[in-house]
Trainee: 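Please read through the structure below; I'll follow up with questions.
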Protein chains: 2
Amino acid sequence: MKETDAPILAPEQQLCFAVYAAGQAFARLYRPLLEPLGLTYPQYLAMLVLWEGEPISVTGIGQRLGLDTGTLTPLLKRLEAAGLVRRTRSAEDERRVVVTLTDRGRALKERARTIPDAVACASGRDIDGVVALRDELKALARALDTSESAL
Amino acid sequence: MKETDAPILAPEQQLCFAVYAAGQAFARLYRPLLEPLGLTYPQYLAMLVLWEGEPISVTGIGQRLGLDTGTLTPLLKRLEAAGLVRRTRSAEDERRVVVTLTDRGRALKERARTIPDAVACASGRDIDGVVALRDELKALARALDTSESAL
DNA sequence: GAGATTTATATTGTACACAATATAGTTTTG
DNA sequence: CAAAACTATATTGTGTACAATATAAATCTC
């Protein structure tokens, strides 16, 4: 088994690098699709959450996307500067910043509707294939996160 | 089909987000494993390439990892500041910056050997399961990259 | 072999990503 | 109700990530 030690360290052989490279490939694919909407990919993710339902707090968005405030606060400020969202402190609990869509932000949803289909098409998989791989990755992420404590 | 339009836009249903979340989960898993080595995850990827074979140019590393010079130059300067690599201009072609390992950088490989096993274990998959998912992701990345021109 | 093209790297600017810390507001407890 | 504990967000600092541009060296073309 000695002689198989070295190749295991090659990036191309590792699952983590395959995930990393697939993420880069998605980023390259999304960039030209989102550029006409004036959104980056993480901004698009935040808009997806807002299109699902608002108002929602910064923490609420962070829980859906797995992002912390250090990432979301400047991201949401840029979306606010672009006129897509509003950030207002909650009256009941003044620690909360509640994010709502503007009319322009709501209208952008229509222009984004064609994106998931274009991406699914680019993946070269049918719906079942996309769903199967998606669920495998969800299970992987869950396994990685739950094992953290065991190390 | 009208009423299925909206849910398609939920981040949790999309393959791209599953890849994104799995990448975040890997980053969380690797951070405590790499912290004793003084490496970040992208720095670890660069070291993997160097451990496979050096000297290698900045462009050579970038081709293996899919990273451009704007990312690699500061990353490699940090590895140089940490005493793990050396950056020297090639004598034959003075445009090239050739990266080599120092003794400390080479020695670090031994301490990194246990990491792939720990990560594979954390994934909760056997070797065949890891290989199968890795190859599916490679195929996905290839499909996404080749479709770019077709849009 | 001088000029145009190409190639390799560096630099600049914008935008994540997250740990650590700070701050302010809320809730809990005695 | 006052002190302690907790919660939500913001701030700071470090480190990617990449587009666009700059620079310098090598190569190609006539």
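The chains referred to below are lettered A, B, ... by the order of the sequence lines, with proteins before strands, and numbering in each begins at 1. The basis for the numbers below is simple: all heavy atoms, side chains too, and nothing from hydrogens, waters or symmetry mates. Being a predicted model, the structure only gives us computed values, none of them experimental.
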Trainee: Report the relative orientation of the aromatic rings in B:Trp51 and B:Tyr44; use parallel for angles under 30°, tilted for 30 to 60°, perpendicular for over 60°.
Mentor: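 Rings of B:Trp51 and B:Tyr44: perpendicular, over 60°.
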Trainee: Just to be sure I understand the rule, does B:Leu75 reach a base, reach only the sugar-phosphate, or reach nothing, if contact means heavy atoms closer than 4.0 Å?
Mentor: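 Sugar-phosphate, backbone atoms only, no base.
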Trainee: Just to be sure I understand the geometry, which residues of residues 82-98 of chain B put a non-hydrogen atom under 4.0 Å away from DNA chain C?
Mentor: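 Those residues whose heavy atoms fall under 4.0 Å from DNA chain C, taken from residues 82-98 of chain B in numerical order, are B:Arg87, B:Arg89, B:Arg95, B:Arg96, B:Val97.
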Trainee: For D:dT11, does OP1 or OP2 lie under 4.0 Å from any side-chain N or O of A:Lys77?
Mentor: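 Answer yes for this pair, as a side-chain N or O of A:Lys77 is under 4.0 Å from OP1 or OP2.
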Trainee: Any donor and acceptor pair, going by atom type alone, linking the side chain of B:Arg104 with main-chain N or O of B:Ala82 inside 3.5 Å?
Mentor: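 Present.
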Trainee: May I ask you to decide whether B:Glu52 forms a salt bridge with B:Lys109, counting only side-chain N to carboxylate O separations under 4.0 Å?
Mentor: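 A salt bridge is absent here (no side-chain N lies under 4.0 Å from a carboxylate O).
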Trainee: Quick one: is D:dA17 close enough that its OP1 or OP2 comes under 4.0 Å of any side-chain N or O from A:Tyr20?
Mentor: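 Affirmative; the distance criterion is met.
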Trainee: Under the rule for salt bridge (charged side-chain N to carboxylate O under 4.0 Å, His left out), what residues qualify as partners of B:Arg86, not counting sequence neighbours?
Mentor: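 Not a single residue meets the salt bridge (charged side-chain N to carboxylate O under 4.0 Å, His left out) criterion with B:Arg86.
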Trainee: Between B:Thr73 and A:Leu67, name the one whose nearest nucleotide on DNA chain C is closer to the 5' end.
Mentor: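 Comparing both residues, the 5'-ward one is B:Thr73.
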Trainee: Round to the nearest Å and state the distance from B:Glu35 atom CD to C:dA19 atom C1'.
Mentor: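 Checked: the CD to C1' distance equals 12 Å.
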Trainee: Nearest whole Å is fine: how far is C:dT14 P from A:Gln43 CD?
Mentor: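 So the CD-P distance, A:Gln43 to C:dT14, works out to 14 Å.
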Trainee: Is the ring pair A:Tyr41/B:Tyr20 parallel, tilted or perpendicular, if the boundaries are 30 and 60 degrees?
Mentor: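 The arrangement is perpendicular - the two ring planes meet at more than 60°.
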Trainee: Quickly work out the A:Leu39 CG to C:dT14 P distance and round it to whole Å.
Mentor: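 Atom-to-atom, A:Leu39 to C:dT14, this comes out as 18 Å.
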Trainee: Could you report the tightest heavy-atom contact between A:Leu33 and A:Ile115, atom names first, then the distance?
Mentor: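 Looking at all heavy atoms of both residues, the shortest contact is O-CD1, 4.1 Å.
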Trainee: Establish, with yes or no, whether the OP1 or OP2 oxygen of D:dT16 is under 4.0 angstrom from a side-chain nitrogen or oxygen of B:Thr40.
Mentor: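 It does, given that an N or O in the side chain of B:Thr40 lies less than 4.0 Å from OP1 or OP2 of D:dT16.
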Trainee: Looking at B:Ser57, does any N or O in its side chain come under 4.0 Å of the phosphate oxygens OP1/OP2 on C:dA8?
Mentor: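 Answer is no, no contact under 4.0 Å.
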Trainee: One pair to check against side-chain contact (heavy atoms from CB on, under 4.5 Å): A:Ser123 and B:Leu144. What are the steps and the verdict?
Mentor: CA-CA 5 Å; A:Ser123 76; B:Leu144 294 176; 4.3 Å; yes
Trainee: For the pair B:Arg106 and B:Asp103, find out whether any cationic side-chain nitrogen is under 4.0 Å from an anionic carboxylate oxygen.
Mentor: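 Yes, charged N to carboxylate O under 4.0 Å.
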Trainee: With the criterion being N/O to N/O and under 3.5 Å, what pairs connect the protein with nucleotides 20-23 of chain C, and how long is each?
Mentor:
none

Trainee: Quick test: give all pairs of protein nitrogen or oxygen and nucleotides 1-3 of chain C nitrogen or oxygen below 3.5 Å, distance rounded to 0.1 Å.
Mentor:
none

Trainee: For residues 67-79 of chain A, please give each side-chain donor-acceptor pair under 3.5 Å, one per line with the distance, not counting sequence neighbours.
Mentor:
from: A:Asp68; atom 1: OD1; to: A:Gly70; atom 2: N; distance (Å): 3.2
from: A:Asp68; atom 1: OD1; to: A:Thr71; atom 2: N; distance (Å): 3.2
from: A:Asp68; atom 1: OD1; to: A:Thr71; atom 2: OG1; distance (Å): 3.4
from: A:Thr73; atom 1: OG1; to: A:Thr69; atom 2: O; distance (Å): 3.1

Trainee: If you find the nucleotide of DNA chain D closest to A:Arg31 and the one closest to A:Gly60, which residue's nucleotide is nearer the 5' end?
Mentor: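 Its nearest nucleotide lies further toward 5', so the answer is A:Gly60.
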Trainee: Quick test of your reading of the model: are A:Arg89 and A:Glu94 salt-bridged, counting only N-O distances below 4.0 Å?
Mentor: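 No salt bridge links A:Arg89 with A:Glu94.
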Trainee: With sequence neighbours left out, what residues match A:Arg64 under side-chain hydrogen bond (donor to acceptor under 3.5 Å, both in side chains)?
Mentor: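 side-chain hydrogen bond (donor to acceptor under 3.5 Å, both in side chains) check on A:Arg64 returns B:Glu12.
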Trainee: May I have the distance from B:Glu80 (atom CD) to C:dA10 (atom P), rounded to whole angstrom?
Mentor: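 Answer to the nearest Å: 10 Å.
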